[in-house]
Number of protein chains: 2
Amino acid sequence: MNEELKEAYGFLFEKELLNEIDEVGTIKRMKAGETIIEIGDYVTGMPLLINGAIKILREDEDGDELLLYFIERGDTCAMTLSCCLGQSKSEIRAVAETDTTFVMIPVAKMEEWTSRYKTWRNFVFQAYHARLSEMLDTIDAIAFLNMDQRLMRYLRDRAKIKGDDLIQSTHQEIAYDLHTSRVVISRLLKKLEMEGKISLQRNQIKVIDL
Amino acid sequence: MNEELKEAYGFLFEKELLNEIDEVGTIKRMKAGETIIEIGDYVTGMPLLINGAIKILREDEDGDELLLYFIERGDTCAMTLSCCLGQSKSEIRAVAETDTTFVMIPVAKMEEWTSRYKTWRNFVFQAYHARLSEMLDTIDAIAFLNMDQRLMRYLRDRAKIKGDDLIQSTHQEIAYDLHTSRVVISRLLKKLEMEGKISLQRNQIKVIDL
DNA sequence: TTACTTTTGTAACCATTGTTACTGCAAAAC
DNA sequence: GTTTTGCAGTAACAATGGTTACAAAAGTAA
């Protein structure tokens, strides 16, 4: 049995289910920045995240992006899950935020386990629950917050997920995630630096106190 | 067996499950405008919508509202569902959009049925799926559309749900749903009227061609 | 070193949306 | 009928965020 799998999911699933996962699942590893699922792709499996983090993005017709939320260890992508059950194409893009490891479960098994294992069923429900909550948070942020507050939230999230106060990206990349322009982000970052909340260098932002 | 229940859910659930629903569920009727669930309420049951429509709203700390989506016949509120399983308080407000009839199912039964009935399980998954989709649409609207397009979308939705081109509300009510101000809505409605897309009277909007 | 590319800083300006304030009108209450 | 209340129309202005344009700085390659 794969050790990483056991470590990440051992406390959730019984031995029997873990064995089945180990048997039919395939371990995948992705480098930070690689695209895991593209919009419109047929969803062939469901990823159980073992290590790292994945960011989930939405896109409109013009190709404008928006970050929806991050997925971390012990989580799965309920959106993918949802697509699996509906046999439909992906409505979102998934990109590795850090180097990641996950187990890919074939669609067919998911269905079967849902009736056989109570722990699996609970896991799936809890995944849906978590995703709905994240979506609500995202909606709150877009609808109720100004860009400066959204930016602060974003920086906090990124720092937390990386477990490090140093965020390595360009202003342009942040602008894509928040669906705004580079100039706006530069402007607001400068303001945050003036307020002593962050410090700026080329390609990196250090979170001091957000 | 309740006839309305059979009519709305007969094609989804087997006879046995329908009987159980009929037995433990209580039929509720609400007038348009009545609040069904308030934010912070403990969720004691899950509503299966038989007739009418319910609108689901989100609120921020300042009491500012935002319409998330509508629920129609044959649907349930996945948010409520999610709260049930998590034993938590409601994160949203549900208000009857039209006069509505629904069956309230006690939380305990839900869990039980999830393991016993495949049809129920599918129904629950499909409800989650539908809700995630609606949330995505909502996010798209807020993030990618301007207020005039959001307003058109809103009017179309309301007309469709009511099955009638005549929408009865004040500009202020619309402003609340879209989380903007009355003046902005009046301005945009006037523009739509100029363009021949709607006609305006006090307390009502007639959709002509949106 | 120099030349080139990428990233960031900044100013000036525009567009959309939000705010305040006031008016006229319609319906309901008296 | 008159008065009162709530709704809608509109103007003027403010705030936020988006756009264009250009310069300076930092990093990379030659």
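Chain identifiers are assigned alphabetically (A, B, ...) following the order of the sequence lines, protein sequences preceding nucleic acid strands; residue numbering begins at 1 within each chain.
The nearest whole Å value for the distance from the CG atom in A:Leu192 to the C1' atom in C:dT8 is 15 Å. What separates CD of A:Gln149 from P of D:dG17 is a distance of 9 Å, to the nearest Å. Protein atom NZ of A:Lys191 is 18 Å distant from nucleotide atom C1' of C:dA11, rounded to whole Å. When the P atom of C:dT6 is taken as reference, atom CG of A:Leu200 falls 21 Å away, rounded to whole Å. Atom CG in B:Asn146 sits roughly 11 Å away from atom P in C:dG18 (whole-Å rounding). Rounded to whole angstrom, the span from the CG atom of A:Asp148 across to the P atom of D:dA15 amounts to 15 Å. Atom CD1 in A:Ile174 sits roughly 8 Å away from atom P in C:dT8 (whole-Å rounding). Look at CD1 on A:Ile167: it is 17 Å from C1' on C:dT8, rounded to the nearest Å.
Side-chain proximity of A:Arg187 to D:dC7, D:dT19, C:dT19: nearest is D:dT19. When the nucleotides C:dA26, D:dA21, D:dA11 are ranked by their closest atom to the side chain of B:Arg202, C:dA26 comes out on top. Set against C:dT19, D:dG9, D:dA21, the side chain of B:Ser181 has C:dT19 as its closest nucleotide. With D:dG9, C:dA26, C:dG9 as the candidates, the nucleotide lying closest to the side chain of A:His171 is C:dG9. With distances taken from any side-chain atom of A:Arg182 to the nucleotides C:dT10, C:dT7, D:dG18, the minimum falls on C:dT10. With distances taken from any side-chain atom of A:Met147 to the nucleotides C:dT10, D:dG9, D:dG17, the minimum falls on D:dG17.
Remark: side-chain polar atoms of B:Asp60 are not paired, donor with acceptor, to backbone N or O of A:Phe144 under 3.5 angstrom. B:Arg150 places a side-chain N or O within donor-acceptor distance of the main-chain N or O of B:Leu178, the cut-off being under 3.5 Å.
Along DNA chain C, the nucleotide nearest A:Gln204 and the nucleotide nearest B:Leu188 are compared for position; the residue whose nucleotide lies closer to the 5' end is A:Gln204. Residues A:Val184 and A:Asn203 both approach DNA chain D. Their nearest nucleotides, taken by heavy-atom distance, put A:Val184 toward the 5′ side.
The aromatic rings of B:Tyr128 and A:Tyr128 lie parallel to each other, with less than 30° between the two planes, well short of the 60° mark.
Put simply, B:Thr170 has no side-chain N or O that comes within less than 4.0 Å of OP1 or OP2 on D:dC7. Between B:Thr180 and C:dT17 there is no side-chain N or O to OP1 or OP2 distance below 4.0 Å.
Side-chain contact between B:Phe13 and B:Ile21 is present, with heavy atoms from C-beta onward closer than 4.5 Å.
For A:Phe125 and B:Phe125, the gap between ring centers is short of 6.0 Å.
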